Amino acid sequence: MIIVFKPEATDKHIERVVERLKEIGMTPHLSRGVARTILGAIGDERLLEEHPLDAFEGIERIIPILKPYKLASREFKNDDTVVDVDGVKVGGETFTVMAGPCAVESEEQVLRIAHFLKERGVRIMRGGAFKPRTSPYAFQGLGLEGLKLLSKVRSETGLKIVTEVLDAQNADLVAQHVDILQIGARNMQNFELLKKCGRLRRPVLLKRGMSSTIQELFLAAEYILMEGNHDVILCERGIKTFETFTRNTLDISAVPIAKLESHLPIIVDPSHAAGFRAIIPALARTAVAAGADGIIVEVHYDPEKALCDGQQALRESDFDRLMDEVRRVAAVMGRTVQ
Ligand code: PEP
Ligand code: MN
């Protein structure tokens with residue numbers, strides 16, 4: 001249910017309703033919009049039928065949320081959410097380019113890539129310390145050592161860092177070292193991990209599972225939102241189809257669908273969708289044109305030597321071209337690139 005307050009409702013009116021919802025066992029989620037305050041009442045809706053709120057002052061309307069996802073829906077919050085990553089805004093007017101290597105390999109590697117990206121105006125760098133690999137024989141990441149290197153990049157360059165958190169047990173540790181917790185495609189329905197990240201006060205980048213529907217992505221986001229963390233960035237990274245030319249098939253419709261259905265920002269990962277570098281700039285341009293709030297791309301100065309996903313890493317010159325093209329499409333879309 002959504003409880004819409006009258007414009008003149010006071011804090012006391014709102015507080016009374018919040019208290020009542022808690023008493024009857026529902027979870028209140030407050031959203032203060034520009035014009036109005038809205039309260040999401042999440043829980044068994046029959047409780048509200050048994051305990052009507054008619055007598056409470058300040059309430060204008062009570063509307064059921066018809067969608068299975070509640071807090072992630074536009075019904076709950078009409079204004080676009082802009083996620084504040086320690087001063088760097090994701091969503092809204094800007095188009096955010098997150099870039100970096102697939103995996104953290106060494107201090108020299110991450111620092112070199114970080115300085116390269118910073119000079120090009122990038123504000124958020126990616127890099128995996130814990131790598132979820134299809135094969136157990138493939139490079140699994142540097143683990144804690146990798147996190148420490150990312151932390152060093154962060155303090156030396158001021159770049160914000162996004163890295164993957166693989167399990168709930170490690171989430172606190174990862175959160176100590178980086179700015180955005182990435183939940184990877186393979187973990188999109190790891191509900192304990194979703195809930196854990198929901199309890200941590202760090203923005204979350206939630207990637208769509210390769211075999212998950214868009215609705216399942218919204219419901220996964222719902223797990224994080226329900227715990228009180230409202231800083232969720234969705235990510236379309238390609239899904240499994242019968243097509244074998246690409247590693248996955250970029251489902252570009254996910255972008256406008258997310259914009260229609262949800263207030264959360266959505267970015268596109270053209271690297272893991274494509275699986276090879278030649279078509280990544282085209283997918284990135286498509287993402288901007290479709291209305292995405294950003295992209296996350298893999299970059300490496302020496303892809304032949306990369307320990308992970310070298311075939312899809314953009315070389316430095318490719319990245320420069322991509323940025324130039326993305327900027328031009330973004331200008332048409334009325335957005336500035338960071
Ligand atoms: C990644 O971004 O490092 C990654 C492993 O992506 P995905 O979870 O989308 O496969
Ligand atoms: Mn990768």
Side-chain angles (χ1 to χ4, degrees), residues 96-105 109-110 113 117 124-136 138-143 146-147 149-150 160-167 170 174 178-190 193-194 197 203-214 216-217 220-221 232-241 246-252 254-255 266-277 279-280 283-284 287 292 294-315 318-319:
T96 304
V97 176
M98 306 182 191
C102 179
V104 176
E105 299 171 4
Q109 179 237 21
V110 273
I113 298 175
L117 294 172
I124 303 179
M125 177 166 153
R126 62 152 288 143
F130 297 96
K131 294 303 304 173
R133 305 304 302 279
T134 302
S135 164
F139 177 57
Q140 305 286 310
L142 296 181
L147 287 182
L149 292 177
L150 288 171
K160 309 299 169 202
I161 305 288
V162 52
T163 202
E164 180 157 353
V165 47
L166 277 187
D167 48 58
N170 262 338
V174 175
V178 303
D179 305 282
I180 306 177
L181 302 169
Q182 176 174 323
I183 298 180
R186 290 156 195 81
N187 262 323
M188 190 204 84
Q189 287 188 317
N190 179 339
L193 178 61
L194 295 170
C197 291
V204 176
L205 176 63
L206 177 63
K207 299 187 86 175
R208 178 179 177 188
M210 56 274 271
S211 303
S212 298
T213 64
I214 299 170
E216 286 163 345
L217 172 65
V232 179
I233 304 161
L234 304 173
C235 180
E236 162 59 39
R237 48 78 72 205
I239 52 173
K240 280 195 189 290
T241 66
T246 45
R247 184 171 172 180
N248 294 281
T249 298
L250 181 65
D251 180 12
I252 200 67
V255 173
I266 179 161
I267 67 167
V268 166
D269 175 348
S271 304
H272 290 90
F276 64 105
R277 78 175 66 82
I279 65 167
I280 291 171
L283 299 186
I295 49 172
I296 181 163
V297 281
E298 293 187 341
V299 180
H300 200 296
Y301 53 85
D302 194 357
E304 284 76 13
K305 296 218 178 87
L307 295 180
C308 185
D309 286 350
Q311 74 292 347
Q312 67 190 34
L314 297 174
R315 295 172 207 282
D318 302 324
F319 182 76

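One-based numbering, in listed order, for ligands and for the atoms of each. Only a predicted model underlies this, so the values are computations on that prediction, with no experimental measurement involved.
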Using a plain distance cutoff, I'd like to know if [X] has any nitrogen or oxygen under 3.5 Å from a nitrogen or oxygen of ligand 1.
X      : result
Asp269 : no
Ala185 : yes
Lys131 : yes

Using heavy-atom distances only, which candidate in Arg126, Met98, Glu164 approaches atom 3 (O) of ligand 1 most closely? Arg126

Strictly under 4.0 Å, does any heavy atom of Arg208 approach an atom of ligand 1? no

Can you report which non-hydrogen protein atom sits closest to [atom], along with the distance?
atom                   : result
atom 6 (O) of ligand 1 : Lys207 NZ, 2.9 Å
atom 4 (C) of ligand 1 : His272 NE2, 3.6 Å
atom 9 (O) of ligand 1 : Arg237 NE, 2.6 Å

May I ask you to decide whether Arg126 forms a salt bridge with Glu298, counting only side-chain N to carboxylate O separations under 4.0 Å? yes

Salt-bridge criterion met for Lys131 and Asp309 (N-O under 4.0 Å): no

Do Arg315 and Glu304 come close enough that some side-chain heavy atom pair is under 4.5 Å? yes

Close side-chain approach of Leu147 and Phe130, heavy atoms under 4.5 Å: yes

Where ligand 1 meets Arg186 - atom numbers and elements under 4.0 angstrom, heavy-atom basis: 7 (P), 8 (O), 10 (O)

For Gly184, the ligand 1 atoms with a heavy-atom partner under 4.0 Å come out as 8 (O)

Around the Mn ion (ligand 2), how many protein N, O or S atoms are there at under 2.8 Å? 4

Check each of Lys207, Arg237, Arg208 against Asp269 using the side-chain hydrogen bond (donor to acceptor under 3.5 Å, both in side chains) test, and report the only one that passes. Lys207

Please work out whether any backbone atom (N, CA, C, O) or any side-chain heavy atom from C-beta onward of Met210 is under 4.0 Å from ligand 1, and answer side chain, backbone, both or neither. neither

Starting at [atom1] of [X], measure out to [atom2] of [Y] and round the result to the nearest 0.5 Å.
X      : Y      : atom1 : atom2 : result
Leu283 : Leu250 : CG    : CG    : 5.5 Å
Ile113 : His300 : CD1   : NE2   : 5.0 Å
Ser212 : Lys240 : OG    : NZ    : 11.5 Å
Ile183 : Leu193 : CD1   : CG    : 4.5 Å
Asp251 : Leu217 : CG    : CG    : 10.5 Å

Could you check Ser271, Pro270, Cys235 and say which one makes a side-chain contact (heavy atoms from CB on, under 4.5 Å) with Ile296? Cys235

